[in-house]
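Just the heavy atoms: all of them, side chains too, but no hydrogens, waters or symmetry mates, feed the values below.
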Amino acid sequence: YGPISAITAANRKARQFERRTFDFIPPYAVRPKKIPVHERRVVIPGEKGGFYVLNYHAPEDLSGKNMEIFEKILLSFKPAK
């Protein structure tokens, strides 16, 4: 995993980290195809304890376009009260 960084999400101090890894498709095949993957996790604390985790997981070749969608979801996220 990459370094943990501080961000603001849902008007709260949150933490995030990213990593580059691989998926094997199909997962239980004798000779699966190795697919590079970009992952991102955003951890947002809850008001009364606990936390929310927003996960991003996409193949590297789709990462740019899909990251835009993840960013919109992150910006619109409203924790339960």
How about CZ on F17, more than 12 heavy atoms from neighbouring residues, nucleotides or ligands closer than 6.0 Å, or not? yes
Fellow cluster residues of F77, listed by chain then number, with links counted only when side-chain atoms sit under 4.5 Å apart: I7, V42, I44, Y52, L54, Y56, M67, F70, L74
Looking only at non-hydrogen atoms, find the nearest pair between H38 and S63 and report the distance. ND1-OG, 2.7 Å
Once ring pair (Phe, Tyr, Trp, His ring centres under 6.0 Å) is applied, do any residues pair with F22, and if so which ones, sequence neighbours excluded? none
Residue pairs, two or more places apart or on separate chains, that pass side chain to side chain donor-acceptor pair (under 3.5 Å) and touch residues 23-37: D23-H57
Those residues at least two apart in sequence (or on a different chain) that pass salt bridge (Lys or Arg N to Asp or Glu O under 4.0 Å) with R41 are E39
If you look only at pairs with a residue in residues 43-64, which of them pass as a salt bridge (Lys or Arg N to Asp or Glu O under 4.0 Å), with sequence neighbours excluded? R12-E47, R20-E60
Side chain proximity check, P32 to I25, heavy atoms < 4.5 angstrom: no
Which pairs count as side chain to side chain donor-acceptor pair (under 3.5 Å) when at least one residue sits in residues 64-77, sequence neighbours excluded? R40-E71
Compare every heavy atom of I35 with every heavy atom of P59, then report the nearest pair and how far apart it is. CB-CG2, 4.2 Å
